[in-house]
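Below you'll find the structure, written out as structure tokens, and then a few comments.
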Amino acid sequence: MHIIFLGPPGVGKGTQANMLVEKYPIVKISTGDLLRESIKIGSNLGMQAKGFMEKGELVPDQLVLGLVLEKISSPEFGKKIFVFDGFPRNIQQAIELDKIMAKVQSKINLVIDFTMDEEERILRLSGRRMCPKCQRTYHMTYAKPKHDNLCDVCDVNLVQRSDDNEEIIRQRSTVYWEHTRPLLEYYNVKKILKSADASRSIENVFSDIENMIKPLMK
Ligand code: AMP
């Protein structure tokens, strides 16, 4: 069984996915993380994706799908459960994901839609910092690192994502409403869509998510 985390930027999908991975035999597939990694290592794909990401636009489907396919086919993941964070981002990607899943004789069993007010999301994203090494996220008000600006685990300086400024955040939200939001209906029809009120505490949201996935893990 596999899970998709849906929702606009800043609702905490990545944080919740990281918590799931730490507690359960689940693998996170975040296309945003994979793309940022490609840029960091200077790959051809990363160079092609960079301009789109800096503007808050979607990276072309074929680039993203290639990354996802590579990750899913990796033998190290064997029969683990995947949680997709930030993928699919449009109907075409969802259709392609269904095809990939059918090929590996698997399927998506649960899609969680994270909901939160826009101004609250912007506040959260503007204070967000990330560890460039392990990708853990922090918030300078709500989830501070233990020491100064350092990752609790890697002890390296936290950075702010270049697309976490207000103008680009608003553009990412617009892209979400236009391209990603229609996925709610796509998965609602399949009767695998659930919703989580992401404005509550990280722990409360996590507990909701655990309650949604536990019955599927039996
Ligand atoms: P995220 O880390 O999920 O907020 O993604 C950051 C940026 O990466 C997005 O604004 C897009 O430019 C790009 N991106 C991430 N996932 C996808 C995807 N599934 N399809 C297209 N672009 C993506």
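Position 1 is the first residue of the sequence, and the numbers go up from there. In listed order, ligands and their atoms are each counted from 1. No experiment lies behind these values; they were computed from the predicted model shown.
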Checklist entry - How does L58 reach ligand 1, if at all, at less than 4.0 Å between non-hydrogen atoms: by side chain, backbone, both, or neither? => result both

Item to check | Within reach of ligand 1, part of R172 (heavy-atom separation under 4.0 Å) | outcome: side chain

Next on the checklist: Students should be able to answer this: which protein heavy-atom is nearest to atom 5 (O) of ligand 1, and at what distance?
Outcome noted: R89 NH2, 3.2 Å

Checklist entry - Got an N/O contact under 3.5 Å between D85 and ligand 1? => result no

Checklist entry - Is there at least one pair of N or O atoms, one from D33 and one from ligand 1, spaced under 3.5 Å apart? => result no

Item to check | Polar proximity ligand 1 side, S30 side, N/O cut 3.5 Å exclusive | outcome: no

Checklist entry - Quick check: does F87 get an N/O under 3.5 Å from an N/O on ligand 1? => result no

Next on the checklist: Do the side chains of D113 and K194 get close enough for a salt bridge, i.e. N-O under 4.0 angstrom?
Outcome noted: no

Checklist entry - Which part of R161 is near ligand 1, with near meaning a heavy atom under 4.0 Å away: side chain, backbone, both or neither? => result side chain

Checklist entry - Do Y138 and L158 have side chains that get closer than 4.5 Å, going by heavy atoms? => result yes

Next on the checklist: Quick one, T141 and K144 - any side-chain contact, counting heavy atoms below 4.5 Å?
Outcome noted: no

Checklist entry - Using 30° and 60° as the class limits, which term best fits the ring planes of Y24 and F206: parallel, tilted or perpendicular? => result tilted

Checklist outcome for this item: So salt bridge (Lys or Arg N to Asp or Glu O under 4.0 Å) across residues 126-140, not counting sequence neighbours, yields E22-R136, R128-D164

Next on the checklist: How far is atom 13 (C) of ligand 1 from the closest protein heavy atom, and which atom is that?
Outcome noted: L35 CD1, 3.6 Å

Checklist entry - What protein heavy atom sits nearest atom 11 (C) of ligand 1, and how far off is it? => result E57 O, 3.4 Å

Checklist entry - Taking the minimum heavy-atom distance to atom 17 (C) of ligand 1, which of V175, I29, T31 ranks first? => result T31

Checklist entry - Below 3.5 angstrom, do we get any N/O pair linking D163 and ligand 1? => result no

Checklist outcome for this item: Here the pair of heavy atoms bringing D148 nearest to M140 is O-CE, 4.3 Å

Next on the checklist: Just to confirm my output: which protein heavy-atom neighbour is closest to atom 8 (O) of ligand 1, and how far is it?
Outcome noted: M53 CE, 3.3 Å

Item to check | Exercise: identify the closest heavy-atom pair between Y187 and P88 | outcome: OH-CG, 3.4 Å

Item to check | Taking every non-hydrogen atom, the tightest pair across Q16 and I202 | outcome: NE2-O, 3.2 Å

Next on the checklist: Is the terminal nitrogen or CZ of K190 (NZ for Lys, CZ for Arg) located under 6.0 angstrom from the six-membered ring centre of Y186 and within 45° of that ring's axis?
Outcome noted: yes

Checklist entry - Tell me, which protein residue and heavy-atom name are nearest atom 20 (N) of ligand 1, and how many Å apart are they? => result Q93 NE2, 2.9 Å

Checklist entry - Which residue from L125, L67, L65, V59 reaches closest to atom 21 (C) of ligand 1 through any of its heavy atoms? => result V59

